[in-house]
Amino acid sequence: MSAKIQSVKGMNDILPSQSPTWQSVETVLRKVAELYAYQEIRTPVLEKTTLFRQALGEATDIIEKEMYAFEDAGGEHLCMRPENTASVVRAGIQHGLFYHNQIRLWYMGPMFRRDRPQKGRYRQFSQFGMEAIGWPNPEIDAEIIMASAKIWGLLGLQDIRLCLNTLGSNLSRERFKEALVTYLSDYKNELDVDSQRRLKTNPLRILDSKNQRTQDILNQAPQINDFIDSQESDHFAHICDLLTQSSIAFHIDASLVRGLDYYTSTVFEWVTDANGAQNAICGGGRYDGLIALHGGANTPACGFALGLDRLVECYQAQQHGNVTEQLDIYLITLSSNDSSLSTKIGESLRNAGYKTAMNHGAGKLKSQLKKANANGAKIALILGESESTQGVIQVKPLRGQGETQNIATSNLLNFIETNQLL
Ligand code: AMP
């Protein structure tokens, strides 16, 4: 016998017992997108590898080591998308969505990164994102943040904290980068190995270092705030005002840079302690230069991506465990001779809009009733041999809504409706 094949490491199956919880969370995400009048966009899972190289930056973790990239049989360099903002920008330019236009878009789907798997960090994971393209004003940054806050509110989640920062324009970021490199170069040998490498490739990422000695050195380092001009700090102050007016608490974190090259100006992250080391649930910010970088017109943009896997884990931990699916009716047929009659009854119940499961192919009444209860059915319908010859069916309420009764099959729907059994 050959060995059983397992799923790819870091790629999870979402089982029937978990799907209802995912669906509840997804319903809330769609609702929020709708409330803020964002339109859905669906892009392919495979893209040309250069798209992400260009958008995210060569010296980012994703590009350096996490891409599922390959050459296909036609010699094209393709990859499984590691995130979706670059794809949305690609699609928008390709289809002229941004041409003299402002547009609000949302997406949901799987992303792929070949990182080291652990709780909350997977190689296939799902993201939901909202992107507002074409607006430079701070009200849009605030709108994007408020939309994410609305999600936690509607899901009833507590203790998700907002960290906020501004990176300024490309110019101020470059000046800050230069000053940071000059300062850190004096301590080069004391930095952790990754930070030493990043001094050349991506110095801003050093601010993210978890190494204590590196963090001690950073305490005296130049701060991004000192390089931001008055227009940029007004933009940021306005966002902070709008959030305060909306009672959204935030913490300004000068070390928050986010991993990707495309961010400018506002950056933010929502974090929680519910998911262990992988504490970021959602991240986003402005990416005013990305559309021009991909050959579109100079277009401001702002958005976020949230991780569904982490959000679902947080929801289960804080709220309800798993959401269970509820049946309306469980139709039990005790004799296989009556299968065509029960199939007909089953279809008429579904046509009337009742969620109905059937046992198919006989079975013991007791064990079938157990199944009906386990599936959360509100009523069981029992078709035994004597019932079917008399043209009746037994109606057994399972949630204490009255007695078991024999009802003429021709009157079944009417009986269920008039007695409000469902
Ligand atoms: P990013 O695209 O890296 O800004 O991530 C946005 C959000 O996606 C994060 O806050 C996480 O919730 C989620 N996320 C990112 N990478 C992973 C991963 N490997 N596994 C699960 N969720 C992830």
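For ligands, and for the atoms within them, numbers begin at 1 and follow the listed sequence. Worth knowing before you read on, the calculation uses all heavy atoms, side chains too, and leaves out hydrogens, waters and symmetry mates.
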Student: Give a yes/no verdict on a cation-pi contact between R30 and W106, requiring under 6.0 Å between NZ or CZ and the six-membered ring centre and an angle within 45° of the axis.
Tutor: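 Cation-pi check for R30 and W106: fails.
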Student: Strictly distance-based, threshold 3.5 Å: is any side-chain N or O of R121 a donor or acceptor partner for the main-chain N or O of R116?
Tutor: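 Yes, R121 side chain to R116 backbone: donor-acceptor pair under 3.5 Å.
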Student: If the threshold is 4.0 Å, N to carboxylate O, is there a salt bridge linking D192 and R213?
Tutor: no
Student: Kindly write out the residues that satisfy ring pair (Phe, Tyr, Trp, His ring centres under 6.0 Å) with Y287, not counting sequence neighbours, or none if the list is empty.
Tutor: Y262
Student: Using a threshold of 4.0 angstrom between heavy atoms of the protein and any atom of ligand 1, which residues qualify?
Tutor: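 Within 4.0 Å of ligand 1, the protein residues are R113, G120, R121, Y122, F125, Q127, R258, A280, I281, C282, A305, G307, R310.
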Student: Quiz question: by atom type and distance under 3.5 Å, do the side chains of R173 and N170 form a donor-acceptor pair?
Tutor: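 Side-chain D/A pair, R173 to N170: present.
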Student: Between E40 and R42, does any side-chain N to carboxylate O distance fall below 4.0 Å?
Tutor: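 Judged by the 4.0 Å cut-off on N to carboxylate O distance, E40 and R42 do form a salt bridge.
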